[in-house]
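Reading through the structure tokens given below for one structure.
Atoms within each ligand, like the ligands themselves, are counted from 1 in listed order.
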Amino acid sequence: MSIFERPVHDCIETLSEEYGIYLKPTSHIQSMEIFSKNEKAVIEGPLGFTNIRGREQDSFDSQLARQTKSTIHYHSEYTYEELLSKHSHVVMATGDGEYAKKTKNYREDLTVTIKGAIIEGSFDPYLVKAWLNYDIAPFGYCYFIPLSDHEANISLAIPDLPENANVNLDSLWDLFYEKVRAEFNQKIRITDQFQITRYPMGICRSARIGNTFYVGNCFGTMMPFMGFGQYASILSGVYAAYDLCGLGKYEELMKPLRRSYEDSLILRRSMEQLSNKKIGSNRSCDAK
Ligand SMILES: Cc1cc2nc3c(=O)[nH]c(=O)nc-3n(C[C@H](O)[C@H](O)[C@H](O)COP(=O)(O)OP(=O)(O)OC[C@H]3O[C@@H](n4cnc5c(N)ncnc54)[C@H](O)[C@@H]3O)c2cc1C
């Protein structure tokens with residue numbers, strides 16, 4: 001969602017124009033429907049992009065792998081400590097805060113639990129949907145993101161707050177799945193499912209310690225408000241490379257992303273003060 005990357009308006013364009021990284025998204029997002037318990041808002045315009053992650057041929061991961069000239073060592077079993085003793089610099093980019101935490105350079109602010117599925121049906125690839133309904137996802141959200149005109153990802157994410165200690169994720173999922181089915185009013189089939197429990201969100205205390213660069217989620221590029229982090233993660237990789245090439249100081253270059261993280265954390269904490277009553281207005285909103 002471009003709105004989270006201001007002043008940048010088009011992440012894909014900026015990555016190619018400014019940094020020479022060419023990514024082909026699955027689709028652009030032209031319309032977003034947001035549902036509260038009783039209301040619906042529609043936002044239209046060039047809102048961002050959808051993309052696939054993982055091992056698929058068209059995923060961002062595969063696209064980046066094809067563009068890199070360096071050798072990728074799969075199934076590496078080196079520890080950080082072993083790499084540190086063997087190489088002049090280490091870029092820590094393992095995708096979550098665990099290693100940064102182990103090196104005592106991480107402030108964990110929250111953890112989230114996510115349940116998701118791939119569904120089959122007939123979808124508009126340019127339209128995404130989100131639910132801010134605390135009956136289904138208390139203090140969190142649900143979303144629908146099409147992967148094509150016949151496949152989509154649906155997910156439910158809730159923060160692991162004390163208030164959520166007794167919620168039954170499977171029951172929430174059933175409610176959400178019912179909403180999705182009602183929304184599309186067509187035969188929908190789940191083809192794959194996943195669950196991530198207690199995924200840590202936080203930020204490192206120092207972007208660089210000695211010759212180790214904390215990059216991506218090891219830095220804290222996943223923004224706590226809605227869990228977005230791909231663009232900031234790529235940017236952090238570019239900034240680490242700039243520092244290695246003597247083109248800038250990583251800690252300095254990362255300052256705007258650190259600020260974004262802290263701002264996003266404030267939005268997340270505000271969400272935790274809300275209720276269904278405060279989220280839904282008493283009239284329909286059509287924000288074109
Ligand atoms: C369910 C979910 C949904 C999300 N949705 C969005 C979204 O809609 N939009 C958005 O912008 N962001 C989203 N994010 C956040 C985004 O995916 C991350 O912020 C971003 O991918 C972080 O990039 P990264 O490079 O730090 O980690 P990753 O993209 O996770 O990459 C880390 C890589 O390191 C590899 N690795 C791990 N350990 C080692 C090791 N010891 N040695 C070598 N390699 C290792 C992993 O296999 C992986 O390939 C989502 C995250 C999750 C979990």
Strictly distance-based, threshold 3.5 Å: is any side-chain N or O of Asp96 a donor or acceptor partner for the main-chain N or O of Asn217? no
Inter- and intrachain pairs under ring-ring contact (aromatic ring centres under 6.0 Å, His included), touching [range], at least two apart:
range: residues 107-166; value: His28-Tyr126, Phe35-Trp131, Phe123-Phe144, Phe123-Phe184, Trp131-Phe176, Tyr134-Phe139, Phe144-Phe184
range: residues 187-216; value: Phe213-Tyr250
range: residues 52-99; value: none

Flag yes if Tyr261 and Phe4 sit in one hydrophobic cluster, no otherwise; membership is Ile, Leu, Val, Met, Phe, Trp, Tyr, and two members link when side-chain heavy atoms are under 4.5 Å apart. no
Distance col, row Ser206:OG vs Arg208:CZ, nearest 0.5 angstrom, shows 11.5 Å
Show me, by chain and number, every protein residue that has a heavy-atom distance under 4.0 Å to ligand 1. Arg53, Ala93, Thr94, Gly95, Ile114, Tyr143, Ile196, Gly216, Asn217, Met222, Gly227, Phe228, Gly229, Gln230, Ser233
